[in-house]
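Order of the sequence lines fixes the chain letters, A, B, ..., with proteins taken first and strands second; residue numbering starts at 1 for each chain.
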Amino acid sequence: MDKKPYDPSEIEQTLYQEWETSGLFEPGESSESYSLAIPPPNVTGTLHMGHGFQNAIMDCLIRYHRMSGKNTLWQVGTDHAGIATEMVVERRLNAEGKSKESIGRAAFEKEVWDWKKYSGNKITSQLRRLGSSLDWSSERFTLDDEYQYAVQSAFIQLFEDGLIYQGKRLVNWDPVLETSLSDLEVVNKDVVIKIWEIKYLLDSTDEFVTIATTRPETLFGDMALAVNPDDERFLHLVGKSAVIPLCDRVIPIVADNYVDPEFGTGVVKITPGHDFNDYELGKRHGLHINDDNQCCTGSEKEFDPISILSKEVKIIGVAPEKFHGMDRFDARTELLKDLDAQGFLLKESEYESTLPYGDRSDQILEPLLTDQWYVDAKTLAKPAIEAVKSKEITFVPANWEKTYFQWMDNIQDWCVSRQLWWGHRIPIWYDADGQAYAGHSEEDVMEKNNLAGPLIQEEDVLDTWFSSSLWTFATLGWPEKTSKLELFHPTTALVTGFDIIFFWVARMIMMTKYFMKEVPFKEVYITGLIKDENGQKMSKSKGNILDPIDLIDGVSLEALLEKRTEGMMQPQLKEKIIKQTKKQFPDGIESYGTDALRYTYYSLASPGRDINFDIGRIKGYRNFCNKIWNAFRFIEMQAATHSYQPAEHKADALSDWMSQKIFQSSLNCKTHIETYRFDLAAAEIYELVWSNFCDWNIELSKVAIQKSTDPSVTADLIGNLFKNFENILKLLHPFMPFITEELFAKMNALKGFDGRQFLVEAGFANLTTSKDNGVDELINIISELRVIRSENANIKDETLHLVLSGNLAPSMVKLIQEFEEIVCGIAKLDAIEFSTEDYEESIEKAMTNYKIIIPLAGLIDPEEELERLRKELGNVEKDIKIISSKLENEQFVAKAPEAVVQKEKGKITTAENKKLMLEKSIAKLQS
RNA sequence: AGACCCGUAGCUCAGUUUUGGUUAGAGCGCCGCAUUGACAUUGCGGAGGUCGAUGGUUCGAGUCCAUUCGGGUCUACCA
């Protein structure tokens, strides 16, 4: 037999193929279902640690329930990821000297589909590498025809129900991607910017007022100045007019509570077309340009903001000709120069503020007045809030509900139109009068509305999150009433990160409640975010990303460096990243295999918000895999050596003990899985396999088999190992699918089982428990003997004689006699004797109600032993003091629960017993 | 401005809610010992923390309350 360690690369990919082709992951018809929908990854993306983590968790859940006999569906699919994908393809086109405009919409869409075809199965093959037992037979893509139909249907219904409307409003405009963004896609960054004070002359006078602004270039679009109505300094100005410098446009001065007298100069310029607050103020005062081309106040209905920036954020409109066509920031520089030259610029100072950036483009966004489509989120939010309040949906951990409510209670209407080409084109057609109609196609709209045509389709596409908000039911065939919807919706649970609670979770709840009249899932397990070992977020620019596949297969330093530095947005960081990577991984990364990686994820899956991925831990779990592998090899070897034949085998105290440990662990695991405590489940099984099965069951069996002279006893011993190991494999399978499946097959082969059986089909064993049978105490004795040896260097390798003296239960005596040969073998004893005899020279250890005596005439140093005993006595006396002080406290005895008091009393009895035994031993040595 | 999370052994983390109750646990690392017989990706033994700080409630606090220090996240933001 070869001695090389477990090599996962030899089995993992083959096994996955077998699973997949055997249709093991496909759902059945039983109504007792358990279903999960995968958070659809970006179709052209690649797997990162967060995916790895969450998919490991989902796979454990789905495998666990599948093995428990549930009809499971783990819905798989990918997302078209509108902006992200469009950006990538555009960049590729640019590299070829082309642009999307130059090739046109149809050709561009084809380019993206080609790109999807080229890179689209990378992520799905990576999911397979993780062992994820997804139902590939029902894989969906958010731009599949059926899915598109579902998205259109949803839009049309919302439109017809009046919950989607079109409006000219200020939106967050990304000037690079030239599209609108929803509030959530805005990243507010703290920056130090400048603030300028500029004077505006009062109309027809030489007087002036000073305003403060951080965006001087927007003054071209000013429609008013505003002061606080309670600000005595400026009250006299209200109702008068001011002149915009360099523009000579006259604007009214209004009073509004929005203005903070303490801030800036107390006078604010109002540019409703380029600032969200100004927009609201402008609306309140009905700012508009009247028929005489004068800017004036009016009713809210008359409000008509002016815009001085184009979609490329270049100056246009009522701004002076000279600035037309200038970029917004160039115009600012130029304008400040002019203002200064003409004496309008009074002051420039630094100011800490926040600026809105696009989460994809990382550019400063511009509030821009455009036509967009909005979803009435306030209406949809109500049932969605109720669903969580009524516990129809529960969050795990529960505190995320707070976050959810906080956002939902203040929800703003959702801008769902995007000025992109890759995505779901909004199913709206306009007639010649510009009237909008919703429908699946031009013909559909014409027929439904009795229109002659031709009609013009809306150019915009939908926010990607609109389509993914329908994910749990659109993947199951909605709007058709399919049997799958019936069986698997609502899904049982959703596993995702807190970073997309708003983007996705909340919106899914809103949409599903609306269309399905039920929740999308019953539980939301919010996982932590995987950070690096220093608690830093993993990011390309930090150069600390880890690829789960690299941890599985291993990677050379060269390849790792290449991966971490290619296509960097900030090349100046390259050197630092190379240095840091070389330091952390001087030899690259070893191969650990999927099972070890998965187990690492589970062990880290505690309820916290951040999960620091310590690379050191994965090594421990690879060793764990190796341990399991070798446990099997031991069993295999015994079976071969003793020509083992499978049959009914008689259990013994040891195998009962092991079965009981497995039973207890499986109960604990069940609870841990149900409460999403994969860390505790992982620790539980680790302990079971390593500390119970390998360290004791195998070790004790090893000696037992060696000593056995009766072939039927030997067969029983091996048979019991088979049984317990198989049950361990079953328990472990949802966590470590590969190695367990492989070993299960090998076990079957050893048993002469003909054909293939998978662990999933085998299900969990029906275990029952038995009472504590004393094996734990037996183990205590052996451990104590080890301590004695390690404390006394001169008897390290001696064969010793063990005497047990005191009140041992008859059942315990019987067990020890039954195991005498085995204990002697494992602890290197010649015999175990029960006696009350005193020994002149011996080492003695006080156990709970008996003592261990090792007679050692001539082998111990009495002084040393005396000292050791005195130290132990000291400890026991200290314990007694602590416990008795408790018991002497009347308050304690009176107020503490009876059980606690009894426990303390029991403890003191034990301690006093020990004390007595120790005192006797000491007295004997002293005599 | 509001909300939330974290601070426990050298390191990475459990334990803190439902249920306050032994002398606070694990893995890694460290120290000592062991070597070819499942496994050195091993075995055996050991050292190491008073639970960020302060105060309070209680017979009893890592656990509950208050205050405070340090680190972090999200939401909303005044030109």
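- Residue contacts for A/Ala683: at a heavy-atom cut-off of 4.0 Å it reaches no nucleic acid atom on any strand shown.
- Residues passing the side-chain contact (heavy atoms from CB on, under 4.5 Å) test with A/Ile611 are A/Phe53, A/Ile530, A/Leu604, sequence neighbours excluded.
- For the P atoms, the distance linking B/C28 with B/U41 amounts to 13 Å, nearest Å.
- Distance A/Asp190 CG to B/U75 C1': 13 Å, rounded to the nearest Å.
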Polar atom pairs (N or O), protein with nucleotides 20-24 of chain B, under 3.5 Å:
| residue | atom | partner | partner atom | Å |
| --- | --- | --- | --- | --- |
| B/U22 | O2' | A/Lys907 | NZ | 2.7 |
| B/U23 | N3 | A/Asp879 | OD1 | 3.0 |
| B/U23 | N3 | A/Asp879 | OD2 | 3.1 |
| B/U23 | O4 | A/Asp879 | OD1 | 3.2 |
| B/U23 | O4 | A/Asp879 | OD2 | 2.1 |

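- In this structure the side chain of A/Thr909 never reaches within 4.5 angstrom of the side chain of A/Glu912, judged on heavy atoms.
- Both A/Asp275 and A/Thr403 lie close to RNA chain B; mapped to their nearest nucleotides by heavy-atom distance, the more 5′-ward contact belongs to A/Thr403.
- By the 30° and 60° cut-offs, the orientation of the rings of A/Phe395 relative to A/Tyr404 is tilted.
- Of all heavy-atom pairs spanning A/Met408 and A/Ile385, the tightest one is CB-CG1, 3.6 Å.
- In this structure, A/Lys378 places its NZ atom where more than 12 heavy-atom neighbours from other residues, nucleotides or ligands lie under 6.0 Å away.
- Across the protein-nucleic acid pair, A/Ile635 atom CD1 and B/C39 atom C1' stand 13 Å apart, rounded to whole Å.
- Between A/Phe624 and A/Tyr599, the ring planes are tilted. Angles from 30° to 60° get that label.
- Nucleotide B/A26 holds its P atom 19 Å from the CD1 atom of A/Ile685, rounded to whole Å.
- A/Cys625 comes within contact range of no nucleotide atom at all, as no heavy-atom separation falls under 4.0 Å.
- Distance A/Lys189 NZ to B/U75 C1': 18 Å, rounded to the nearest Å.
- Here salt bridge (charged side-chain N to carboxylate O under 4.0 Å, His left out) pairs that include residues 394-414 of chain A, with residues two or more places apart or in two chains, are A/Lys391-A/Glu401.
- In this entry B/A3 has B/U73 as its Watson-Crick or G-U wobble partner, both defining distances falling under 3.5 Å.
- A gap of 27 Å separates the P atoms of B/U50 and B/A66, to the nearest Å.
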Spell out protein contact along nucleotides 10-18 of chain B as letters: B when the base is contacted, S when just the sugar-phosphate is, - when no protein heavy atom is under 4.0 Å; keep the 5' to 3' order. --BSSS---
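- Atom P of B/G62 sits at a distance of 10 Å from the matching atom of B/U23, rounded to the whole Å.
- When the P atom of B/C39 is taken as reference, atom CE of A/Met637 falls 6 Å away, rounded to whole Å.
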Would A/Glu366 and A/Arg328 count as a salt bridge (Lys or Arg N to Asp or Glu O under 4.0 Å) here? Give the steps. CA-CA 10 Å; A/Glu366 183 67 37; A/Arg328 56 186 169 163; 2.9 Å; yes
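- If you check every strand for non-hydrogen atoms under 4.0 Å, A/Asn889 touches sugar and phosphate atoms only.
- Residue A/Lys189 qualifies as enclosed at atom NZ: its count of foreign heavy atoms under 6.0 Å is above 12.
- Distance A/Ile628 CD1 to B/C39 P: 16 Å, rounded to the nearest Å.
- No close placement of the A/Tyr602 and A/Tyr621 rings is indicated, their centers lying 6.0 Å or farther apart.
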With the criterion being N/O to N/O and under 3.5 Å, what pairs connect the protein with nucleotides 42-46 of chain B, and how long is each?
| residue | atom | partner | partner atom | Å |
| --- | --- | --- | --- | --- |
| B/U42 | OP1 | A/Asn623 | ND2 | 3.1 |
| B/U42 | O3' | A/Lys627 | NZ | 3.3 |
| B/G43 | OP1 | A/Lys627 | NZ | 3.1 |
| B/G43 | OP1 | A/Trp690 | NE1 | 2.5 |
| B/G45 | O2' | A/Ser790 | OG | 2.6 |

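- Among the protein residues, A/Thr265 comes within range of no part of the nucleic acid, since none of its heavy atoms lies under 4.0 Å from any strand.
- Nearest to the side chain of A/Gln406, among B/G2, B/G27, B/C33, sits B/G2.
- Between the CD1 atom of A/Ile195 and the C1' atom of B/C77 there is a distance of 14 Å, rounded to whole Å.
- A donor and an acceptor atom, one from each side chain of A/Ser885 and A/Glu888, are nowhere located under 3.5 Å apart.
- Taking the P atom of each, B/A61 and B/U22 are spaced 12 Å apart, rounded to whole Å.
- When the P atom is compared between B/C6 and B/G15, the two are found 10 Å apart, to the nearest whole Å.
- In this structure, B/A66 forms a base pair with B/U54, meeting either the Watson-Crick or the G-U wobble geometry with both donor-acceptor distances under 3.5 Å.
- For B/G10, the paired base is B/C28 (Watson-Crick or G-U wobble, both distances below 3.5 Å).
- Between A/Ile739 atom CD1 and B/U41 atom P there is a gap of 16 Å when expressed in whole angstrom units.
- Nucleotides B/G43 and B/G29, compared at atom P, are 12 Å apart to the nearest Å.
- Distance noted for atom P between B/C64 and B/C5: 12 Å (whole Å).
- Separation of the C1' atoms belonging to B/G20 and B/U63 is 6 Å when rounded to the nearest angstrom.
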I would like to know whether A/Trp629 and A/Tyr6 meet ring-ring contact (aromatic ring centres under 6.0 Å, His included); could you show each step before the answer? CA-CA 6 Å; A/Trp629 187 256; A/Tyr6 168 57; 4.8 Å; yes
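- Considering only the side chain of A/Lys402, B/C4 comes nearest among B/C4, B/G37, B/A76.
- Annotation: salt bridge (charged side-chain N to carboxylate O under 4.0 Å, His left out) contacts involving residues 253-282 of chain A, sequence neighbours excluded, comprise A/Asp222-A/Lys269, A/Asp256-A/Arg284.
- Contacts of A/Lys796 with the nucleic acid, taken as non-hydrogen atoms under 4.0 Å apart, involve only primed sugar atoms and P, OP1 or OP2.
- Applying the ring pair (Phe, Tyr, Trp, His ring centres under 6.0 Å) test between A/Phe693 and each of A/Phe634, A/Phe632, A/Phe725 identifies A/Phe725 as the sole match.
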